[in-house]
Amino acid sequence: MGLARPDTVPGPAPGTPILSLSGVCKSFGALKVADRISFDLPKGQALGIIGPNGAGKSTLFNLITGNLAVDAGTVRLNGRDVTRDSAMSRCAAGIGRSFQIPQPFGSLSVFENVCVAASFGRNLPESAVTDDCITVLRQCGLLHRANLPAAQLSLLERKRLELARAMATVPDLLLLDEIAGGLTEGECQALVDTIRSLHAGGVTIVWIEHVLHALTSVVERLLVLDFGRVLAIGAPDVIMASAEVREIYLGIDV
Amino acid sequence: MQGYVKTATRASRPFVLLLALVVIALALAPLWASRNTLQDLFFILTMLSLAQFWNLLAGYGGLVSIGQQAFVGLGAYAMFGAVILLGIGPIQAILLGGIAALALAIPTAFFAFRLQGAYFAVGTWVVAEVVRLCVSMWQAVGGGSGTSLPRDARDGLIGLDQIMALFSVRGAEARDIILYWLALCVTVATVLGLYAFLRTRSGLALSAVRDNIAAARSVGVRAEGMRWRVFLIAAFGTGIIGALIFLQNGRISPDAAFSVTDWTAFVFFIVIIGGIGTIEGPIIGVLVLFALQSAFAQFGAWYLVMLGLLAIGVTLFAPKGLWGLISARTGLSLFPVRRRLILSDPSEDKP
């Protein structure tokens, strides 16, 4: 896509992973929701995250975006330690996210939702982002809804708005939280096509999803989470063939 | 260019002219209005400004405070204290009222922002009660029974002699004229300032924070900074208006200055009846309140019961208030802030 983030800091050394977690831990009381999670994500890759309900998938996202603080471990973005940074400054550093349950700014129009993200996410004046907003709305199939209040959108359109708002910040790294959940087969396919074209444009993606066929049609690597631990990480077909994963995730007796 | 953004509506252009005419007519009110009318207009203007600041907090910022009387009262008392104890001129002391309210708002926000929703509302009320109790122990300004503004301070108002000569009126009337003009300036500045703010990208971000704070943070909005800014601005403005109201009253007591009915319940009523989260709403709301007060105030407590029932009825059946009903029917927007996207290629408007 044709949008550029104004680059003021020198870029990281070539080959630096865009996202790097090492030893990330988080507990809610006695419950360990993230237990020494470590992985690297190379630039341009799409990583899928699967795991049973309560495995700590959304929590992991909140730790990456800074909506939750880690108990231990570090989160690096483009080689820079962002562990202590707020959600707002991590957005400025290049993380865009969609929420599992769509969180539109309900009283604003679709265009205004995207406009806030484009203007604040890239720290540009409102007048400078209009064309970029139109481009993002077109990519996400929402242009004909631009002046509608976001509260009036259908579920599919809300999910598209989540995607559009995240894309408007021109993220280096896009986090998608169950964006295909609850959609019909046709809607799901249309959304997957949009995501695939964004990924083809060079965006790095981490995607949590229960709709496996949607996920595996896009991602190059799969990470399995269980009780807050990384159970396996690797190529999707290898992971899905593993007996341990099949037992835990699919509940198949082997 | 693929398109552009438009905020103006068809009605908003002629309305600017109408608004200018109304402001000019109001500025000339000392020429055409009786002293009673002038005092009524003073009431309407000051209540409108208070309502707009509460509207900024609750309607745009999602910060439903029921402790704004803390800032009215402290602003008024700071003005009285500065006049009585320091001998500062009353009009200069109004500014000190605003600064005192601002100073109180900083620790208040520090505590109250840790609370959410209804807890925030109750927290601000508790702060207001604490301030009221503290002020009622301040003996130099009359303690619990209050005090009056010294006569020489009231007669030493800036420009009093000129106004007396210009309109050939007595001192008391000239004082009303000066304070009325001040109220008009404060109100015009409040409404236009609020409108200008809402049209900036910060105004848009404030609505985003109100709708969903987590999502606003994750697209790069400084949500906490936004809330702080709005709370401090509202406190400063509320303090200024409090000082102005009690300068006009000439007498102050803790019960009057920190009255939750006068400075918060009436303000609620104005904003909710008129339409919360709009600039037009409070303007309609204050006129409704004034009309009801003129017609039914002699019924005392029953009048307040009726106001309460009316407010409940409106929240249940027309949650966007009278202005919400009007704008839904007609599509009117006199102070438009919504950004509409106009595409260069209209065929893209279709799916």
Side-chain angles (χ1 to χ4, degrees), chain A residues 61-62 65-67 86-93 95-99 102-127 129-135 137-138 141-147 149-151 162 165-166 168-169 171 175, chain B residues 1-7 9 59-62 197-227 275-278 319-320 324 327-328 331 333 336-351:
Chain A
F61 263 22
N62 284 327
T65 58
N67 290 70
S86 67
M88 190 220 63
S89 60
R90 290 191 208 190
C91 167
I95 295 183
R97 76 161 313 172
S98 79
F99 287 89
Q103 313 272 344
F105 306 130
S107 67
L108 305 187
S109 73
V110 169
F111 168 69
E112 287 172 322
N113 268 265
V114 175
C115 185
V116 170
S119 173
F120 283 84
R122 299 163 68 199
N123 201 15
L124 289 173
E126 218 185 306
S127 56
V129 298
T130 308
D131 272 3
D132 295 345
C133 289
I134 295 175
T135 305
L137 286 172
R138 187 185 293 125
L142 278 176
L143 198 51
H144 62 291
R145 290 283 189 244
N147 291 320
E162 284 292 313
R165 213 168 49 185
T169 66
L175 305 180
Chain B
M1 204 177 82
Q2 308 180 54
Y4 62 96
V5 177
K6 198 171 157 189
T7 43
T9 59
Y60 290 100
F197 170 73
L198 291 173
R199 291 189 53 144
T200 64
R201 68 175 197 141
S202 297
L204 190 60
L206 181 65
S207 301
V209 170
R210 172 200 57 200
D211 284 359
N212 197 310
I213 190 163
R217 282 195 194 108
S218 71
V219 295
V221 175
R222 284 175 200 279
E224 289 311 313
M226 232 43 242
R227 283 151 53 106
I276 190 165
T278 65
K320 290 182 175 171
S327 68
S333 182
V337 292
R338 289 278 73 95
R339 284 101 171 135
R340 275 177 311 122
L341 182 65
I342 315 286
L343 294 170
S344 311
D345 176 8
S347 69
E348 285 202 290
D349 245 348
K350 311 280 175 300

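Each chain gets a letter, A, B and so on, in the order the sequences are listed, and its residues count up from 1.
Listed options A146(A), G106(A), S107(A) were ranked by heavy-atom pairs under 4.5 angstrom with chain B; first place goes to S107(A). Between chain B and the options A87(A), S119(A), G96(A), heavy-atom pairs under 4.5 Å are most frequent for S119(A).
The structure places CD of Q2(B) at 10.5 Å from SG of C133(A), a figure rounded to the nearest 0.5 Å. Between L343(B) atom CG and I134(A) atom CD1 the span is 5.5 Å, to the nearest 0.5 Å. In this structure, the separation between CG on L108(A) and CG on D211(B) is 5.5 Å, given to the nearest 0.5 Å.
A donor-acceptor pair under 3.5 Å links the side-chain atoms of E112(A) to the main chain of R339(B), judged by distance alone. Not one N or O on the side chain of N147(A) forms a donor-acceptor pair closer than 3.5 Å with the backbone of R340(B).
Proximity to chain A is limited to the side chain of R210(B), based on heavy atoms less than 4.5 angstrom apart. Proximity to chain B is limited to the side chain of T130(A), based on heavy atoms less than 4.5 angstrom apart. Interface remark: S109(A) contributes side-chain atoms only to the contact with chain B (heavy atom separation under 4.5 Å). Using a 4.5 Å cut-off between heavy atoms, A117(A) contacts chain B through both its backbone and its side chain. Looking at R90(A), neither its backbone nor its side chain comes within 4.5 Å of chain B, counting heavy atoms on both sides.
Geometrically, R201(B) engages F120(A) in a cation-pi contact, judged by NZ or CZ lying under 6.0 Å from the ring centre and within 45° of the ring axis.
Contact record, E126(A) with L204(B): OE2-CD2, 4.4 Å, taken as the closest heavy-atom pair. The two residues A215(B) and F99(A) make their nearest non-hydrogen contact at CA-CE1, 3.7 Å.
F111(A) places a side-chain heavy atom less than 4.5 Å from the side chain of V5(B).
Near-neighbour residues of residues 220-227 of chain B relative to chain A, defined by a heavy atom under 4.5 Å from a heavy atom of that chain, comprise G220(B), V221(B), R222(B).
Applying the side-chain contact (heavy atoms from CB on, under 4.5 Å) rule to S98(A) yields the partners E162(A), L176(A), I179(A); only residues at least two apart in sequence or on another chain are considered.
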